[in-house]
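Numbering starts at 1 and runs along the sequence shown.
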Amino acid sequence: MNLDYIKPNSWSIIEEGFNADNVRASESLFSIGNGAMGQRANFEEKYSGSTFQGSYIAGVYYPDKTRVGWWKNGYPEYFAKVLNAPNWIGINVFVNGEQLDLNTCKTLQNFKRELNMKAGWLSRSFTALLQNNIEVEVKTKRFLSLDIDELGAIEYTIKPINSDASITYQPYIDSSITNEDTNWDDKFWDTTNVSHENNQAFILAKTMKTDFYTCTFMESQVFIDGKSVIIEPNIKADASNASFSYNYEVKQNETYSIHKFGGYTVDRNHSRAQLVSAAKAVLKTAITTGFHSLLEAQRVAWAKIWETSDITIDGDVKAQQGIRFNIFQLNQTYLGKDPQLNIGPKGFTGEKYGGSTYWDTEAYCIPFYMATKDQSVARTLLTYRYKHLEKAIENAEKLGFNNGAALYPMVTMNGEECHNEWEITFEEIHRNGAIAFAIFNYHRYTGDYSYIPEMGLEVLIGIARFWQQRATFSRDKDRYVILGVTGPNEYENNVNNNWYTNYMAQWCINYTLENIDKIKEDYADDFKRICDKTKITDNELTLWKKVADQMYFPYSEAYQVYLQQDGFLDKELVPVSNLDTAHRPINQKWSWDRILRSPYIKQADTLQGFYFFEDDFTEEELERHFDFYEPFTVHESSLSPCVHSIQAAKLGRMEQAYTFYLRTSRLDLDDYNHEVHEGLHITSMAGTWMSIVEGFGGMRVKNNKLTFEPKIPNQWEAYSFKVNFRNNIIKVNVCKGHTHFSLDGEEALQIIVNGKSVLISPNKLVTV
């Protein structure tokens, strides 16, 4: 644990007392979003200290030209970057001519920042003594509307405490922004027009290269002691900025407030010619509705989300705060409204990883969205990959594959590979398997098979073709091998026969063949369409089957475990417990060469396969592999603790499972990996949800039925969660000694609890 200033609270993230060293971390932790846009928790007023300005628009990116020391043939030409968008939140504040700046105040007291997760707003309050000896009390509140996702709203209130004061609010919008994360210091934005009328201002700007057209807009109202006042503003505008200054002579203990409305309209949703008129329509709605009514609508919208997605924990406030923080941030990042969007590893909280789509979505996020929302949201995520199939085929062609073989990108915005690290881009090919597994997982959970004949089988065929071509027949082993890969453990590069990758390849081929047979039998029209499009032949399918049946899996007879890769036992097998803590995290303390030669595992690798394909192995096999690999695992990937928590719970090791749960749920709140200032780990937050529902709750789908094996950590009195299983809302409340089940649906549902059949009926409580 590296941070410990967030106050434990069931429904809020709270910071008390101002510490300049924590500003960047807090800007990440208190980030807000609504699925269409988001922003780090930067101050509205000027802050001259160290800060990481960040506002982001979903789906708007720039192809930053790849920069590497040694160009290798096949490198992607660019790395997609989510762009720091024009700033609409800014409000300069002047008191008797002195600008309010928390970095230069004489004293700063009673500082409090709160992210209210129940109602979806961010607030700050403090008392500041300025250099001119005027003391002021400040309170702010802002949110990004869920109902009107192009709109954000700010209420900023200042009260002079020790004298009357001349106070000026200067709300502004500004497009002269840059990314911290840029390869060549390119100019990402081209401002095409700055305009204003009445109390409204608009900046039209487009991204360079990708030509996303946007309008950043604002309108403000001012109030004295809550009553609206009309002030003729002083207006300034230049090539990239527009501001309005509202000055008022404020008496001691009077409150002077501004309501600022702003946001973005984008040509992804409107014609370019209508961006300003669309912005005006949003502002008209905001002004007519008013800040406080919009805030109440925000509370109602979040209440609806929490109704199905909340997890309660009794007796452990930090654990409760952790899971709600994770669920809150997932919903701020993605709500499933736009099929063109996906889930970036940092969401709207930072620039690292480019804000693009990774395999995290299929492996970790889809289960969360399937169970907490309508199944259409998960289907939308799968449709996103289907729409990128042609690009995946092109990606494979660039590497020498043919005949419609598809390699989905490690990182993408539009389906094209845009990651520029060789060992990730060209070796971490297991991501292909995660997409196929998500198709299987979706059908298994929802019972909706229609996606596969309509779209999914084409994706599976492309993936199977890739695995068949990527495998090499080894005469020495008399088996097919897969050489030169990186598994989920990115602390091993360019290894041969990563067990997880080989197992995934075999499973993908067999699963594709299984679905070809089913669609041929039951969906003749779809089968003909797919055959005409993909040109699959019986000879090709025979070759696939041969590769799958003769796949090689490295195994140690001495340890009775599958080996992570061919050379794993050649390493010096020193467990993590023997590492000097001063060497942690090793990715920040060791050379890459030393890491690659070590046995240390960044995240679940072989154990990732045991998580996905649990039914293929006995519990004894899981235990043997867990005991072998976990002691070498440093958990320096955000995706690691959740998988280990689930497996520890399955093995009945509840203390270990609880420790892993705390680590995954409070990974960012406590900054375990020394990097929260860069942004939050959004996609791994879905793993936190899985740690409770699949880990402690033991939820699985087996033989077309929902099953549970509930367990409870000693630290908890009880916990509860809901899942939407095939349009039935099941609530599970686990206490010490028994579990309650209830059903919100129209028909009774048979579930399996600890191996026994249980019938749950609508609106009736069943105790097991």
Crowded around [X] [atom1]? As in, over 12 foreign heavy atoms under 6.0 Å?
X	atom1	value
Y559	OH	no
K65	NZ	no
N578	CG	yes
K477	NZ	yes
E621	CD	yes

Thinking salt bridges, do [X] and [Y] make one under a 4.0 Å N-O criterion?
X	Y	value
K398	E417	no
R653	D627	yes
R379	E454	yes
E362	R431	no

Nearest heavy-atom neighbours spanning [X] and [Y]:
X	Y	result
S665	I323	CB-N, 4.2 Å
L706	F708	CD2-CZ, 3.6 Å
F626	P631	O-CD, 3.8 Å
A604	S640	N-OG, 3.7 Å

Only one of Y334, W689, Y445 clears ring-ring contact (aromatic ring centres under 6.0 Å, His included) with F368; which?
W689
Check whether [X] reaches the backbone of [Y] with its side chain - one donor and one acceptor, N or O, closer than 3.5 Å.
X	Y	answer
T66	P76	yes
D668	D671	no
Q469	N402	yes
N673	E675	no
T349	L680	yes
T688	T664	yes
S591	R594	yes
T425	H419	yes
N510	A548	no
T633	Y629	yes

Report yes or no: is the cationic atom of R470 (NZ for Lys, CZ for Arg) closer than 6.0 Å to the six-membered ring centre of W467, at no more than 45° off its axis?
no
Please say whether the positively charged group of K391, taken as NZ for Lys or CZ for Arg, lies over the ring of Y408, i.e. under 6.0 angstrom from the six-membered ring centre and within 45 degrees of the axis.
no
Distance alone, cut at 3.5 Å: any donor-acceptor contact between the side chains of [X] and [Y]?
X	Y	value
D448	S450	yes
Y480	Q506	no
T486	E428	no
E630	H635	yes
N496	D566	no
Y384	T357	yes
Y491	N587	yes
W592	N493	yes

F612 ring center within less than 6.0 Å of W507 ring center:
no
Check: Y500 ring centroid to Y562 ring centroid under 6.0 Å:
no
Which atom pairs, one a donor and one an acceptor, fall under 3.5 Å between side chains of residues 568-576 and the rest of the protein, sequence neighbours left out?
unit_1	atom_1	unit_2	atom_2	d
K571	NZ	E492	OE2	2.9
K571	NZ	L596	O	3.2
K571	NZ	S598	O	2.8

Apply side-chain contact (heavy atoms from CB on, under 4.5 Å) to residues E521 and D517 and explain how you reach the verdict.
CA-CA 6 Å; E521 182 72 22; D517 288 343; over 6 Å; no
Determine, step by step, whether F617 and F610 satisfy the ring pair (Phe, Tyr, Trp, His ring centres under 6.0 Å) criterion, reporting the C-alpha distance in whole Å, the side-chain angles of both residues, the deciding distance to 0.1 Å, and the verdict.
CA-CA 7 Å; F617 306 98; F610 273 73; 4.1 Å; yes
Any side chain to side chain donor-acceptor pair (under 3.5 Å) pairs touching residues 602-611, not counting sequence neighbours?
Y364-Q608, E490-K602, N498-D605, Q603-S637, Y611-E694
What's the verdict on ring pair (Phe, Tyr, Trp, His ring centres under 6.0 Å) for Y503 and Y552, showing C-alpha distance, side-chain angles and the deciding distance?
CA-CA 9 Å; Y503 199 87; Y552 167 72; over 10 Å; no
Rounded to the nearest 0.5 angstrom, the CD1-CZ distance for I393 and F466 is 13.0 Å
Please walk me through it: do E416 and Y78 pass side chain to side chain donor-acceptor pair (under 3.5 Å)?
CA-CA 10 Å; E416 187 175 22; Y78 68 89; 3.1 Å; yes
I want to check something: taking the side chain as every heavy atom from C-beta on, are K650 and R700 in contact at a cut-off of under 4.5 Å?
yes
Apply the test salt bridge (Lys or Arg N to Asp or Glu O under 4.0 Å) to residues R529 and E458: give CA-CA distance (whole Å), side-chain angles for both, the deciding distance (0.1 Å), then the verdict.
CA-CA 10 Å; R529 171 181 55 80; E458 293 176 49; 3.0 Å; yes
